There are 2 protein chains.
Amino acid sequence: MTLDQRQADVLFTIVRCYIQSGQPVGSRTVSRKSSLNLSPASIRNIMADLAEDHYIEQPHTSAGRIPSTKGFRFYLDSKLDMEILPAEVEEKIKSALISTGPDLTQTLSQASKLLSSISNQISLVITPSQHNIRWKHIDFILLRPGLVMSILVMEGGIVQNKIITVDSEITVDDLVKFSNYLNEHYQGKTLLQVRANIFSQIKRARKRFNNLYQKALNLARESFEPDNNRQVYVDGTHYLFQDSEFTDLTKMREVFRLLEERSKLLKILDQTMESEGLSILLGQEQDWQELSDYTVISSPYSLKGDNIGLVSIIGPTRMNYSRVIPAVDLTARILSQLFNEIFEHNAEKNMPKA
Amino acid sequence: MTLDQRQADVLFTIVRCYIQSGQPVGSRTVSRKSSLNLSPASIRNIMADLAEDHYIEQPHTSAGRIPSTKGFRFYLDSKLDMEILPAEVEEKIKSALISTGPDLTQTLSQASKLLSSISNQISLVITPSQHNIRWKHIDFILLRPGLVMSILVMEGGIVQNKIITVDSEITVDDLVKFSNYLNEHYQGKTLLQVRANIFSQIKRARKRFNNLYQKALNLARESFEPDNNRQVYVDGTHYLFQDSEFTDLTKMREVFRLLEERSKLLKILDQTMESEGLSILLGQEQDWQELSDYTVISSPYSLKGDNIGLVSIIGPTRMNYSRVIPAVDLTARILSQLFNEIFEHNAEKNMPKA
DNA sequence: ATTAGCACTCTTTACCTAAGAGTGCTAACA
DNA sequence: TGTTAGCACTCTTAGGTAAAGAGTGCTAAT
């Protein structure tokens, strides 16, 4: 079942030509473009084998062949001929991201813009899940009696606001006390740690402590709840119109619909969140009707070895992988680097205090 | 130059039919669809007049007529046959917006989603410019020496963060003093008022006050700077693919490109910001290459009579105005109402204190 | 003033044919 | 035995023509 050298060679040539032209590829073309010097007739024999094993398909009898999903998968898994991005591109991205200043929100938004422009595809950047990020400060503001806004500031200037309904007797002074307490006890811990700690305290508090303390804990619990509206930065949507002559408009429309349905989108992207390094999902391999002619390439970015966010692009199955894959990879790597630098920076600052 | 009753009648019928079908409209069709009972031949005479005055155009000799930009403008300015949205739709929107709770950011995002789904077009909602909104609270957080995050919370839970570089000698205690001072003196004022006041104080402070005070003022000045990244909520992009048989893909692509270029988009939309009530901009009347086949319908929402934000839709010039216009209008009205309710609510709370 | 009638124009559609691209098979070749 | 030239066959595409259809503009009659 596995392909020998020549079969693979032919398959790769077909994939490359198909990506370039969007048209079925004939034996003549393969014969000319491939490195093995064989006549079209010989190529045809090999192509017949490949077709039998479903690596390639024929739109109709007298047409050339196009790679099947299986064919694409084989091509992608062997990841040959990736372009090496010139060092200056790497430098350009890095400096563009650093220049966004200390606000990581800006950095991520900028990363998405850069990625779409160097890949010429739709780019997605998901903001970090905050489990593993340390927080610096919490603040409660009484919007009106019974209504509090909590503001949680984390490393790198990531902010999470939440509006929380509370007991209407809670006063501004109470809130100051709460926040002082929390800032003193939990500052510098990760959200995950804080949450765990708060839950255990709530259990104990049921019996031992006074009412005010319980209210504080409940307020804290709600504030530190995992953020369910993680943001997704989307850029370069107009690139989907490239080569739209060959594209089914209904399918294009589905992509746009998906991009707006953030929950569905996140469900798809989350699959790649835990994987190490880059992953490539072919729409047709998964059961996504929305992306049947499209491919998602993702790479997580990480903080201290934990994946916290994701960089991806969505493009047609026949996109230029050799350029796009390195771009996604690079962007994720640089983001990781930036996050870790900031983390290091702050860790030094925190250590002496602790 | 102005049209008489019959000419207008014929023009309206042509516009209506063209919107419905997307095809040139012939005299037969007009004769059947219009209320005046005239034969196709008579209609043709009237159509010849209209064509001479450039209200309608002919793609080629033997085709029907399509409304010109001038024709559309005439139709839109007389705004007949607007659908009356059933009261239950109004109720549905209202309750859906109220149910988003006290967080106005959520409310606006939801408004955009609702508008796109009832209009079947791309919807845009611009977050309020904060000049006329009162602020409740300011907070400074020392991210690291020399780097401060300011958090400005306004009426309705609108939050504006800004990261500001400062003198690296400023301490956490200084920041607490600053924020206490600002909160005491300026709470409840509008951003515009605060800014004016701060500027005048800075001038005086140059001579009279100590260094710390000047630093505080400078920090305040930067925090209260008008927010240059006003958000735009965009929804329903996939509706652009409706009737895409008749649509030029290059032009569609330009729309998507424009939607991502927020500064350009805002420049276009800001034109309508100051107008009273609904405005309709035909892409071809303006000098926007990006929107040559599209129309922007906008209506500002207001707080205490001042326009603070904008609700719009972007759709093809031949969209169903009779449905879309009331939808935009209604959404803006409901938003104004909600904002004013919240304002009233808070005003009552603020009054006794002041 | 309105309309029926009609010739005219231009587009659209269908149909046909020829060209072209590519295949698969066979037989010959190294 | 692997490779290749040759060839018949299939299916799509492009081009051209003719018929159909839609709509106009004009004229003459009502």
Side-chain angles (χ1 to χ4, degrees), chain A residues 3-11 13-18 20-68 71 243 245-246 248, chain B residues 3-11 13-68 71 243 245-248:
Chain A
L3 303 181
D4 65 29
Q5 184 53 45
R6 301 176 54 184
Q7 289 173 317
D9 220 332
V10 170
L11 178 57
T13 310
I14 293 174
V15 172
R16 272 194 291 270
C17 294
Y18 177 68
Q20 219 191 359
S21 69
Q23 303 291 343
V25 183
S27 52
R28 268 178 74 92
T29 318
V30 176
S31 160
R32 274 184 292 114
K33 292 280 174 82
S34 91
S35 53
L36 18 89
N37 281 326
L38 291 176
S39 74
S42 312
I43 299 291
R44 282 204 287 278
N45 286 326
I46 303 172
M47 280 164 82
D49 295 347
L50 287 172
E52 209 171 329
D53 285 354
H54 304 290
Y55 285 98
I56 53 181
E57 284 161 359
Q58 221 170 352
H60 54 84
T61 335
S62 77
R65 310 299 172 86
I66 60 175
S68 66
D243 312 311
E245 324 95 78
F246 310 124
D248 182 349
Chain B
L3 303 181
D4 65 29
Q5 184 54 46
R6 299 176 54 181
Q7 289 174 317
D9 220 332
V10 169
L11 177 57
T13 310
I14 292 174
V15 172
R16 272 195 290 271
C17 292
Y18 178 68
I19 284 174
Q20 217 190 1
S21 68
Q23 304 289 346
V25 184
S27 53
R28 270 179 72 93
T29 318
V30 176
S31 161
R32 272 185 292 117
K33 290 281 174 78
S34 89
S35 52
L36 18 87
N37 280 326
L38 292 174
S39 73
S42 311
I43 299 291
R44 280 203 289 277
N45 286 325
I46 301 172
M47 280 164 82
D49 296 347
L50 288 172
E52 209 171 327
D53 285 354
H54 304 290
Y55 285 97
I56 54 180
E57 283 162 357
Q58 220 170 354
H60 53 83
T61 334
S62 77
R65 311 298 173 87
I66 59 175
S68 68
D243 313 312
E245 321 97 76
F246 309 123
T247 318
D248 182 349

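Lettering follows sequence order; numbering is per chain, from 1. Every value quoted in this text rests on a predicted model; they were computed, and no experiment measured them.
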Between A:R65 and C:dA21, is there a contact of a side-chain N or O with OP1 or OP2 at under 4.0 Å? no

Minimum heavy-atom distance B:S27-B:R44, with the two atoms named: OG-NH1, 3.1 Å

What is the minimum heavy-atom distance between A:I14 and A:R65, and which atoms define it? CG2-O, 4.0 Å

Nearest-Å distance for atom pair CD1/C1', residues B:I46 and C:dA1: 11 Å

Could you please name the option among C:dT23, D:dT3, C:dT11 that lies closest to any side-chain atom of B:H60? C:dT11

Taken to the nearest whole Å, NZ/B:K33 to P/D:dG23 is 12 Å

Nearest to the side chain of B:S39, heavy atoms from C-beta on, is which of C:dA4, C:dT23, C:dC10? C:dA4

Rounding to an integer number of Å, can you tell me how far A:R28 CZ sits from D:dT4 P? 15 Å

Atom pair distance, as rounded to whole Å: CD in B:Q23 and C1' in C:dT12: 12 Å

Assign B:S42 to base, sugar-phosphate, or nothing according to its heavy-atom contacts below 4.0 angstrom with the strands shown. base

In terms of heavy-atom contacts, B:S68 and B:H54 come closest through OG-O, 2.7 Å

Name the closest nucleotide to the A:R44 side chain, picking from C:dG24, C:dG22, C:dG5. C:dG24

Could you work out which one of D:dG2, C:dC10, D:dT10 sits closest to the side chain of B:T61? C:dC10

The nucleotide from C:dT3, C:dT2, C:dC6 with an atom nearest the side chain of B:R6 is C:dT2

For the residue pair A:C17 and A:T29, what are the closest heavy atoms and their distance? SG-CG2, 4.2 Å

Report the distance from atom CD of B:Q58 to atom C1' of D:dT24, rounded to the nearest whole Å. 7 Å

Could you state the CG-P distance from B:L38 to C:dA1, rounded to the nearest angstrom? 13 Å

Separation of D:dG25 P from B:I43 CD1 (nearest whole Å): 13 Å

Quick check on DNA chain D: between B:A41 and B:G64, whose nearest nucleotide comes earlier from the 5' end? B:G64

Taking CG from A:N45 and P from C:dG24, how many angstroms apart are they, rounded to a whole number? 9 Å

side-chain hydrogen bond (donor to acceptor under 3.5 Å, both in side chains) filter on B:S21, not counting sequence neighbours, yields none

